[in-house]
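What you are looking at is a predicted structure, and each value in this text was computed from that prediction instead of being measured. We use all heavy atoms of the structure for the numbers below, so side chains are in, but hydrogens, waters and symmetry mates are not. Quick note on labels: first sequence line is chain A, next is B, and so on, each numbered from 1.
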Amino acid sequence: MHRYRSHTCGALRAGDIGLNVRLSGWCHRVRDHGGVLFIDLRDHYGLTQVVADPDSPAFDVAGTLRAEWVVRIDGKVRPRPEGTENPDLPTGAVEVYIREIEVLGRAAELPLPVFGEQEYPEETRLKYRFLDLRRERLHQNIMKRGAIIDSLRRRMKEQGFFEFQTPILTASSPEGARDYLVPSRLHPGKFYALPQAPQQFKQLIMISGFDRYFQIAPCFRDEDARADRSPGEFYQLDIEMSFVTQDDVFAAVEPVLRGVFEEFSGGKPVTKDFPRIPYGEAIQRYGTDKPDLRNPIVMQDVSEIFRGSGFKVFANILANSAKAAVWAIPAPRGGSRAFCDRMNSWAQGEGQPGLGYIFWREDEQAWPGDFQATLDPSDQNQKDLRDRVDKLAKEGRVGQAIRALAAGPIANNLGPKRTEALRAQLGLKAGDAVFFVASEPATFVKFAGAARTKIGEELGLIAKDRFEFCWIVDFPMYEWNEEEKKIDFSHNPFSMPNLPPEDFLALDPAHREKILTLRAVQYDIVCNGVELSSGAIRNHRPDVMKKAFAIAGYDEAVLERKFGGMLHALALGAPPHGGLAPGIDRIVMLLCGEDNLREVVLFPMNQRAEDLMMGAPSEVTPRQLRELHIRPSRPEQRDLS
RNA sequence: GGGGGCGUAGCUCAGUUGGUUAGAGCGUCGGCCUGUCACGCCGAAGGUCGCGGGUUCGAGUCCCGUCGCUCCCGCCA
């Protein structure tokens, strides 16, 4: 018999009854009834109940076992007595009667119990990550992560992609995030950098003629964490393809993501054809470039209804700035004073002056003729309203009907005609509400998007239990940097402008208005409001590249110094190419139903980029520092006396 | 770097208007218990109420500062 086990703890079934077996595992739970003692023995594969009673030679030893001790037990598989089977356990029909116990590893009192679902502080969980990882949920998440990565690899290979490895020690890149630096021993004063992404390498792989690249690529960025952004390091499914248009990239990647989501979503529906939403439209409709399409709320520009209206606050805003607009955020079923006031308070908590609203309540009063005249028999949105009026009339409630009575100070000042036009445009009905934001959109878009999300959540409009994908396309190439009064790259400087090269080369860098309307062939994948990926068709022409950087204020010498290697490569026969890089951690997070990356990463760092288990970052010896030609200069302690 | 929330037993949390000796459940330890599987019953240990200062006859409770955790902003394609 094997030194440690003949079976795993998830293996035994009724068919194994009578076998002499050997199991090894952790004491998950001990239930001591005095005369009979049950231990749930756990390993990676499952749980098996092992039993000892006073007739067992191991009874005394069994009584000394404690939670999470690692033991080997020998014994005979026997059926559980009738009525005591556990249908929740795959091994629940049987148990092992213990003949012998060997303690393989004792455990001191646990700082974090493995058994049970109790919440534990993040700090404890991270410090004792190996205990946390024994727990069912994390253990399963990590296994699922592995299965997802297997599936991604398989699907990529099936599409003709080949996996490459790129350097971990590379050069600091001037754009993008803060680099992690590694001092060079051989070159005093010089540093390697860990790659923020293998961006330049994957482009060079295309230029090297390999055609279809992918990698489960570690990426390192020294930026502050968020719940959906690990500090320090994370993984991307990095992809690049040669001789492709945007459509080709979408056609290659969409089935991979849809397939892997369908495989691991647990039956939740996944978008069949990812809609393509231009960046500008996403901002206007959803207030963000990563919209959660499970939320049905779509914002609309209703400036024309307010322009010159009796609601002077908005009318004046519109009159005072040509850029100003009024956007409406519809709130189906939000038509109550209580809800609208709650949203208003929320907005104030967000630092806004408030959140204007109109809501339409149902009111059993005489039907005013002038209002009735505004109803449109062909408007499907008004159908239920008309039906209710008809029904009341048939019930003989003469002179009574339900009307939608617009309420709130905005409606009073706006007047019935404009209010009704608004209701019609937004397709709202009695019992609904609408909220407004008014100013120059650039200043309120972010808040409007947050309000849309908040309203959707509060009203239960968000269809959980599904995965709603979309592509966001046509990102702006440049943006205006107000602080430095200059034009900046909006995203990746390597993206191809969405303009014929000749037209782009002919651009006048001083023509700011024109340049700020330029789009790049750049795209994101968004799922349920989470940005999964960013990508682009790359700029493979040195002349266009030089021009693109010139517009952003980099002269050729700077470009040469920063991206010289890349530029030379492009000048020696570069194929048109493009790709993207979906975030693996975020994909796994969505598929595990978690809302924090730390729940799907084996050994994550905390928010301050510390590994509490390994004690990273740590001090190093003076000798190590000397070899690296490094002398720390710590910030001086502030004297608070 | 900035803002919000939180900080009471190992864990989750309660703690009244500022008032006697700070509680419960879970966990741990001990005892009892022959069919449990969140076993049950009895008992015990376990507290600088994050830390420092202030107000007060009296502070877990009020005020100020500070530290830690967390979420967000900045930052991050």
Quiz item: Hey, does A/Arg78 reach any base, or is it just sugar-phosphate, or nothing, if we go heavy atoms under 4.0 Å?
Solution: base
Practice problem: Report the secondary structure of RNA chain B in dot-bracket form, marking unpaired bases with a dot and bases paired to a different strand with |, and treating Watson-Crick or G-U pairs with both distances under 3.5 Å as paired. | Solution: (((((((..((((.....[...)))).(((((.......))))).....(((((..]....))))))))))))....
Exercise. Choose from B/C71, B/G35, B/C73 the nucleotide whose nearest atom is closest to any side-chain atom of A/Arg226.
Key: B/C73
Quiz item: When you check the phosphate oxygens OP1 and OP2 of B/G68, does a side-chain N or O of A/Asn606 lie under 4.0 Å from one of them?
Solution: no
Exercise. For B/C57 versus B/U12, give the span between their C1' atoms, rounded off to a whole number of Å.
Key: 36 Å
Quiz item: Reckon A/Arg31 has a side-chain N or O less than 4.0 Å from the OP1 or OP2 of B/U36?
Solution: no
Quiz item: What integer number of Å spans the C1' atoms of B/U61 and B/C37?
Solution: 43 Å
List every contact pair, protein side and nucleotides 27-34 of chain B side both N or O, where the distance is under 3.5 Å.
| residue | atom | partner | partner atom | Å |
| --- | --- | --- | --- | --- |
| B/G27 | OP1 | A/Arg29 | NH2 | 3.3 |
| B/U28 | O2' | A/Glu109 | OE1 | 3.3 |
| B/C29 | OP1 | A/Arg66 | NE | 3.0 |
| B/G30 | OP2 | A/Arg66 | NH2 | 3.1 |
| B/C33 | N3 | A/Asp32 | O | 3.0 |
| B/C33 | N3 | A/Gly34 | N | 3.2 |
| B/C33 | N4 | A/Asp32 | O | 3.3 |
| B/C33 | N4 | A/Asp32 | OD1 | 3.4 |
| B/C33 | N4 | A/Gly34 | N | 3.3 |
| B/U34 | OP2 | A/Gly35 | N | 3.0 |
| B/U34 | O4' | A/Val36 | N | 3.4 |

Exercise. Could you say whether A/Asn86 or A/Leu126 is positioned toward the 5' end of RNA chain B, judged by the nucleotide with the nearest heavy atom to each?
Key: A/Asn86
Practice problem: Go through the side-chain N and O atoms of A/Tyr97 and A/Asp53 and say whether any donor and acceptor fall under 3.5 Å apart. | Solution: yes
Exercise. Kindly assign one of parallel, tilted or perpendicular to the pair A/Phe250 and A/Trp471, based on the angle between their ring planes and the thresholds 30° and 60°.
Key: parallel
Quiz item: In terms of side-chain heavy atoms, does A/Asp238 have a donor or acceptor partner in A/Tyr213 at a distance below 3.5 Å?
Solution: yes
Quiz item: Looking only at atom P, what distance separates B/G3 and B/A44, rounded to whole Å?
Solution: 49 Å
Quiz item: Do the side-chain N and O atoms of A/Glu594 and A/Asn141 include a donor-acceptor pair separated by under 3.5 angstrom?
Solution: yes
Quiz prompt | Cation-pi, A/Phe563 ring and A/Lys546 (6.0 angstrom, 45 degrees) | solution = no
Exercise. Give the nucleotide from the list B/A77, B/G35, B/U70 with an atom nearest to the side chain of A/Gln199.
Key: B/A77
Quiz item: Does a distance-only test, which skips hydrogens and angles, find a donor-acceptor pair under 3.5 Å between the side chain of A/Glu95 and the base of B/G35?
Solution: yes
Quiz item: Out of B/C76, B/G74, B/C69, which has the shortest distance to the side chain of A/Asp224?
Solution: B/G74
Practice problem: Using a strict cut-off of less than 4.0 Å between a Lys/Arg side-chain nitrogen and an Asp/Glu carboxylate oxygen, indicate whether A/Arg72 and A/Glu100 qualify as a salt bridge. | Solution: yes
Exercise. Hey, which sits more toward the 5' end of RNA chain B by its nearest nucleotide, A/Arg538 or A/Pro79?
Key: A/Pro79
Practice problem: Ignoring hydrogens and angles, answer whether the base of B/G10 and the side-chain atoms of A/Arg125 contain a donor-acceptor pair closer than 3.5 Å. | Solution: no
Self-check item: Salt-bridge criterion met for A/Arg229 and A/Asp224 (N-O under 4.0 Å)
Solution: no
Quiz item: Do we see a donor-acceptor contact under 3.5 Å between the side chains of A/Thr166 and A/Gln215?
Solution: yes
Quiz item: Given the C1' atoms of B/A9 and B/G54, what is the spacing between them in whole Å?
Solution: 28 Å
Quiz item: Do the side chain of A/Arg229 and the base of B/C76 come within less than 3.5 angstrom through a donor-acceptor pair of N or O atoms?
Solution: yes
Exercise. Quote, to the nearest angstrom, the P distance that separates B/U70 from B/U34.
Key: 48 Å
Quiz item: Reckon A/Gln522 has a side-chain N or O less than 4.0 Å from the OP1 or OP2 of B/A77?
Solution: no
Quiz item: Is any side-chain nitrogen or oxygen of A/Lys446 closer than 4.0 Å to OP1 or OP2 of B/G74?
Solution: yes
Quiz item: Among B/G35, B/A77, B/C71, which is the nearest nucleotide to the side chain of A/Arg598?
Solution: B/C71
Practice problem: Would you mind telling me which of B/G74, B/G68, B/C75 lies closest to the side-chain atoms of A/Arg608? | Solution: B/G68
Exercise. Quote, to the nearest angstrom, the P distance that separates B/A14 from B/U8.
Key: 10 Å
Quiz item: Taking 4.0 angstrom as the limit, do A/Arg125 and A/Asp132 come out as a salt bridge?
Solution: yes
Quiz item: Is the shortest side-chain N to carboxylate O distance from A/Glu610 to A/Lys127 below 4.0 Å?
Solution: no
Quiz item: For A/Phe489, what residues pass the ring-ring contact (aromatic ring centres under 6.0 Å, His included) criterion, not counting sequence neighbours?
Solution: A/Tyr478, A/Phe549
